[in-house]
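Below is one structure, written out as structure tokens, with a few remarks after it.
Values in this document were obtained by computation on a predicted structure and should not be read as measured data.
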Amino acid sequence: MSGSPVTITITGAGGQIGYALLFRIASGAMLGPDTSVRLKLLEIPQGLGAAEGAALELQDAAFPLLDSVDVTDDAGRAFDGANLGLLVGARPRGPGMERADLLEANGGIFGPQGAAINAGAADDVRIVVVGNPANTNALIAAAHAPDVPRDRFTALTRLDHNRALGQLSEALDAPVGEISRVAIWGNHSATQFPDVSHATVRGRPVPEVLDEEMGPDAARTWLSDVFIPRVAQRGAEIIRVRGSSSVASAASATIDHVRDWVHGTDGAWTSAAVVSTGEYGVPEGLICSYPVTGADGTWHVVPGLEPDAFAAQRIAASVEELVAERDAVRALGLL
Ligand SMILES: NC(=O)C1=CN([C@@H]2O[C@H](COP(=O)(O)OP(=O)(O)OC[C@H]3O[C@@H](n4cnc5c(N)ncnc54)[C@H](O)[C@@H]3O)[C@@H](O)[C@H]2O)C=CC1
Ligand SMILES: O=C([O-])CC(=O)C(=O)O
């Protein structure tokens with residue numbers, strides 16, 4: 001990607017995550033110190049002032065890698081020539097809104113944005129959807145971009161992955177850098193399955209170390225009653241403690257996702273919601289989180305795992321929710 005500047009479209013750029021993202025992208029934290037960036041900030045009219053203010057501050061920060069910043073409320077203009085699209089802006093659930101209302105409201109955002117990507121983005125465009133419900137919003141955007149290869153549409157579960165690493169690090173008293181092969185399966189929602197069955201710490205299997213430290217029964221209970229719900233419901237915990245949803249950690253995970261997609265993971269596992277081609281029995285076409293590696297600018301689902309009965313049941317439950325969301329947006333005519 002180095003050479004000419006990379007064009008990055010950020011939707012919802014005037015919002016909280018946008019503000020935490022822009023300065024790290026412009027500093028080179030996402031694409032590296034040799035890649036200059038051209039930022040295109042998409043907002044709705046009410047959000048334009050915040051995005052324009054951020055653009056002024058970006059200028060004031062004098063980042064050597066920042067080629068230009070363009071603020072617009074026109075999706076066609078925002079996605080024109082985009083190499084990367086970070087789709088953060090979404091409609092939050094308001095009082096009295098049912099899930100179907102939320103899906104419909106977001107369909108009205110991600111359908112037209114998918115169409116704008118189809119019409120004007122660069123041939124190598126890669127999209128990550130952050131705005132919730134992220135997996136299904138990505139599905140809607142992809143459905144409106146028939147000329148873009150499906151595997152270019154992803155949704156963010158890296159935050160869940162990083163949260164799982166953080167929890168394990170604390171429990172095992174080991175730095176996150178010494179923990180590998182953690183996986184998030186399914187939906188970016190409370191049904192997700194944070195899976196440590198293949199994880200290692202300092203090269204040793206995490207289940208074995210937990211058994212040793214806690215005893216087998218306590219280790220099993222800790223995984224099912226503490227670790228999994230804590231990771232899966234961490235978003236709600238942050239809202240409860242902070243008074244608003246995760247921002248800096250979400251932006252950081254978005255940076256991690258794009259960096260590893262573009263530059264690869266050198267064989268290391270991470271997690272991303274990618275389009276299923278039927279791996280592990282997930283219906284084809286769903287945007288589902290899997291353990292993945294990044295290589296050659298592509299995500300690769302880790303092959304050959306054999307989920308045990310507990311894992312298989314947890315994965316199936318989250319996939320069932322994804323199927324229900326897909327069916328709901330299909331019934332609304334959004335696919
Ligand atoms: N996948 C993940 O791990 C996470 C996802 N999220 C989700 O990220 C989204 C953004 O979160 P925040 O930045 O905190 O929210 P925010 O409300 O601070 O910002 C959202 C911004 O999007 C803009 N927006 C709304 N509709 C738009 C459209 N059609 N086009 C362009 N911009 C539009 C709004 O004007 C607002 O400025 C939310 O949906 C949140 O639930 C948050 C944390 C983690
Ligand atoms: O629930 C939210 O709005 C934020 C979110 O996705 C998370 O923190 O994982």
Side-chain angles (χ1 to χ4, degrees), residues 8-13 15-32 37 84-90 92 126-138 153-170 175-177 179-196 199 227-228 230-239 241-242 244-266 268-274 287-294 299 318:
I8 306 169
T9 305
I10 298 131
T11 77
Q16 298 251 55
I17 294 175
Y19 194 68
L21 260 178
L22 295 172
F23 297 84
R24 292 198 61 203
I25 296 172
S27 75
M30 188 166 80
L31 296 178
V37 294
L84 289 165
L86 316 186
L87 275 51
V88 179
R126 291 182 179 80
I127 302 294
V128 55
V129 175
V130 176
N132 282 316
N135 301 54
T136 297
N137 288 340
F153 284 87
T154 65
L156 188 76
T157 52
R158 182 61 171 265
L159 178 56
D160 309 293
H161 182 95
N162 289 348
R163 287 166 170 166
L165 283 174
Q167 293 303 312
L168 277 182
S169 165
E170 187 180 9
V176 288
I179 302 170
S180 309
R181 299 191 169 214
V182 164
I184 304 293
W185 299 82
N187 201 2
H188 173 67
S189 76
T191 68
Q192 67 178 260
F193 175 46
D195 180 10
V196 304
F227 172 75
I228 293 173
R230 186 104 195 256
V231 173
Q233 295 164 32
R234 184 67 157 187
E237 181 182 347
I238 299 289
I239 292 171
V241 174
R242 230 188 134 241
S244 83
S245 62
S246 301
V247 174
S249 57
S252 195
T254 307
I255 300 262
D256 290 345
H257 176 107
V258 174
R259 184 198 59 229
D260 287 354
W261 193 1
V262 171
H263 292 304
T265 61
D266 209 11
W269 294 19
T270 183
S271 301
V274 300
I287 307 259
C288 179
S289 187
Y290 286 106
V292 294
T293 55
W299 289 123
S318 196

Ser252 side-chain N/O to Ala248 backbone N/O, donor-acceptor pair under 3.5 Å: no
Nearest heavy-atom contact between Asn135 and Ala273 is ND2-CB, 3.7 Å
CZ of Arg163 to OG of Ser249, rounded to nearest 0.5 Å, is 5.5 Å
OG1 of Thr293 to CZ of Arg181: how many Å apart, nearest 0.5 Å? 10.0 Å
4.5 Å side-chain heavy-atom contact, Ile228 and Phe193: yes
Heavy-atom closest contact (Ala90 atom, Gly131 atom, distance): CB-CA, 3.7 Å
Leu22 side, atom CG; Ser27 side, atom OG - distance, nearest 0.5 Å: 11.0 Å
Indicate the atoms forming the closest heavy-atom contact of Phe153 with Ala138, along with that distance. CD2-O, 4.2 Å
Partner set under side-chain contact (heavy atoms from CB on, under 4.5 Å) for Ala134, not counting sequence neighbours: Val129, Asn132, Ala155
Mind checking the OG1-CG spacing from Thr157 to Asn162? Nearest 0.5 Å is all I need. 10.0 Å
If the condition is side-chain contact (heavy atoms from CB on, under 4.5 Å), which residues does Gln16 pass it with, not counting sequence neighbours? Ser244, Val247
Rounded to the nearest 0.5 Å, the CG atom of Asn187 sits from the OG1 atom of Thr136 at a distance of 6.0 Å
Shortest non-hydrogen pair, Ile239 vs Ser245, comes out as CG1-CA, 3.5 Å
Side-chain contact, heavy-atom cut-off 4.5 Å: Leu31 with Val258? yes
N/O donor-acceptor pair under 3.5 Å between Thr154 side chain and Ile127 backbone: yes
Residue set satisfying side-chain contact (heavy atoms from CB on, under 4.5 Å) with Phe227, at least two apart, ordered chain then number -> Ala164, Gln167, Leu168, Pro194, Val196, Trp222, Leu223, Val231
Where do His188 and Leu156 land on the side-chain contact (heavy atoms from CB on, under 4.5 Å) test, with the steps shown first? CA-CA 8 Å; His188 173 67; Leu156 188 76; over 6 Å; no
Of all heavy-atom pairs between Thr11 and Val88, which one has the smallest distance, and what is that distance? OG1-N, 2.9 Å
Would you say the side-chain atoms of Thr265 pair up with the backbone N or O of Gly294, donor to acceptor, closer than 3.5 Å? yes
Is there a donor-acceptor contact under 3.5 Å from the side chain of Ser271 to the main chain of Ile184? yes
side-chain contact (heavy atoms from CB on, under 4.5 Å) assessment of Ile10 paired with Ile25: CA-CA 10 Å; Ile10 298 131; Ile25 296 172; 4.0 Å; yes
Measure from the side-chain N and O atoms of Gln233 to the backbone N and O of Arg230, and report whether any donor-acceptor pair falls under 3.5 Å. no
Tell me, with the steps shown, if Arg126 and Trp299 meet side-chain contact (heavy atoms from CB on, under 4.5 Å). CA-CA 11 Å; Arg126 291 182 179 80; Trp299 289 123; over 6 Å; no
For a 4.5 angstrom cut-off between non-hydrogen side-chain atoms, does Thr270 reach Asp256? no
Step-by-step side-chain contact (heavy atoms from CB on, under 4.5 Å) determination, Arg259 to Arg158: CA-CA 12 Å; Arg259 184 198 59 229; Arg158 182 61 171 265; 3.9 Å; yes
Shortest non-hydrogen separation from Ile255 to Met30 and the atoms involved: CG2-CA, 3.8 Å
Under 3.5 Å, is there a donor on one side chain and an acceptor on the other for Ser246 and Arg234? no
